[in-house]
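Presented below is the structure to which this report refers.
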Amino acid sequence: MTLRLAEKDLAFPVLLAPMAGITDRPFRDLVMRFGAGLVVSEMVASQEMVQAKPGVRERAELSADVENTAVQLAGREAYWMAEAARQVADRGARVIDINMGCPAKKVTNGYSGSALLKTPDHALTLIEAVVSAVQVPVTLKTRLGWDDNLLNAPDVARRAQDAGVKMVTIHGRTRCQFYKGRADWKAIRSVKDAVSIPVIANGDIVDAAAARTALSLSGADGVMIGRGAQGRPWLLAQVCNELFGAPEPYIPSGIELVEMVQEHYLAMLTFYGTELGLRVARKHLGWYMDEVATPAGLRRAVLTSRDEKEVLRLLVDALLPDREVAA
């Protein structure tokens, strides 16, 4: 089952959500290695990107020759959004995604992210600026609304479609819910009914069963998976297999899992540099260890070590079943 995005065909309608500090290039590359329809970068602040503030451009690092990668931009001014879109398109971005869903206070206090749901006329100027600035498809990610009194996602999606947006992803919560409660997949159907472009359901999709239910209740054309992929970069490929007949992914275990995690760890150190990479890697290593129930003491040793070689050695004990060190 392919997903048509403008003139692009995505092999399967299962997408990796943008997650701040998580969906960097090493993680996106790993997810795509297993299989996914589209992977989206962590949110990039448009003005900071254009002004080349340290660390911002790295978050948009794409591997320009890699298909099915999108860059997500956030901002509140049309000029900066358009300029950032041009820059990332020039650097190889195949899709530009506009963030109107981030609920974080540091984003919404700056009138970006999901705060734009409160000012849809202004939000439309940002959308129009980005669509006009690039030739690649532009997509939108947002929420059901700001709160229960402002559930305006259908209207926002309709106006975005009229402005040239080619796909919209809806997280099934309002901004004021943050990540509390349960995502309301059924409520996404009102957005699907309002537009003719593809609609993607997002929120609490942690396995194939949840994806199947989300698709049924929402009527959406595909699903976007975020937190469920933490520590399980193969999850999207699993969902593609179980729901859409993609080849079954080979999920590593034992020493092969150790080797995959070690490779991911080293990729982060290379990408960020050793000092920053050591800090960034901890969250990912923690999620991998959560999956195999690593004992607390061993987990602590892995996450507190600042020695690259020691971490690689400790990961063998931390991730192998029954803590049996391979011969």
Side-chain angles (χ1 to χ4, degrees), residues 15-28 38-64 69-134 136-143 146 156 160 163 165 167-169 171 175 178-179 202 224 226-227 268 271-273 276-277 279-280 283:
L15 289 60
L16 177 67
M19 294 180 284
I22 299 170
T23 54
D24 54 19
R25 179 177 168 180
F27 187 67
R28 296 195 309 268
L38 184 77
V39 295
V40 186
S41 76
E42 54 188 316
M43 179 181 68
V44 178
S46 57
Q47 182 173 346
E48 287 81 351
M49 167 96 189
V50 175
Q51 294 176 335
K53 291 194 175 180
V56 176
R57 292 198 179 196
E58 288 76 5
R59 289 200 290 273
E61 181 61 43
L62 292 179
S63 301
T69 299
V71 174
Q72 188 183 75
L73 298 177
R76 63 181 181 272
E77 295 182 29
Y79 171 79
W80 296 116
M81 289 288 285
E83 286 300 308
R86 289 189 189 96
Q87 286 194 11
V88 295
D90 288 346
R91 295 173 61 210
R94 311 301 177 93
V95 178
I96 306 293
D97 187 59
I98 297 173
N99 182 305
M100 281 181 56
C102 181
K105 289 183 179 179
K106 66 180 180 180
V107 175
T108 58
N109 286 347
Y111 306 105
S112 300
S114 56
L116 291 167
L117 287 164
K118 296 194 293 184
T119 56
D121 289 345
H122 176 62
L124 191 65
T125 67
L126 307 185
I127 293 169
E128 290 172 339
V130 173
V131 171
S132 298
V134 297
V136 300
V138 176
T139 62
L140 175 69
K141 187 173 190 293
T142 188
R143 289 183 168 230
W146 177 258
V156 168
V165 162
M167 183 177 74
V168 60
T169 298
H171 183 112
R175 182 272 175 182
F178 287 86
Y179 296 99
N202 174 230
M224 179 174 278
R227 291 172 291 170
M268 286 184 280
F271 183 72
Y272 290 105
L276 178 57
R279 297 199 300 272
V280 172
K283 67 187 76 171

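All values below were derived from every heavy atom in this structure, side-chain atoms included, with hydrogens, water molecules and symmetry-related copies excluded.
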*asked:* Holding to ring-ring contact (aromatic ring centres under 6.0 Å, His included), I want the full list of residues that pass it with Y179, two or more places apart in sequence or in another chain.
replied: H171

*Identify, with sequence neighbours excluded, every residue that meets side-chain hydrogen bond (donor to acceptor under 3.5 Å, both in side chains) alongside D121.*
R159

*Quick one: side-chain contact (heavy atoms from CB on, under 4.5 Å) partners of A17, sequence neighbours excluded?*
N202, M224

_Residue pairs fulfilling side chain to side chain donor-acceptor pair (under 3.5 Å) with at least one residue in residues 95-109, sequence neighbours excluded_ = Q72-D97, Q72-N99, D97-T139, T108-R175

*Shortest non-hydrogen contact from S114 to P103?*
OG-CA, 3.6 Å

*Identify, with sequence neighbours excluded, every residue that meets side-chain hydrogen bond (donor to acceptor under 3.5 Å, both in side chains) alongside R227.*
none

*Could you walk me through whether V107 and M43 pass the side chain to side chain contact (heavy atoms under 4.5 Å, CB included) check?*
CA-CA 11 Å; V107 175; M43 179 181 68; 3.8 Å; yes

*For L126 and A78, which heavy atoms make the closest approach, and how far apart are they?*
CD2-N, 3.3 Å

*State, yes or no, whether a side-chain contact exists between Y272 and R279 at a heavy-atom distance under 4.5 Å.*
no

_Test side-chain hydrogen bond (donor to acceptor under 3.5 Å, both in side chains) applied to E83 - qualifying residues, sequence neighbours left out_ = R86

*Between I127 and V138, is any pair of side-chain heavy atoms under 4.5 Å apart?*
no

*With sequence neighbours excluded, what pairs up with T125 under the side-chain contact (heavy atoms from CB on, under 4.5 Å) test?*
H122

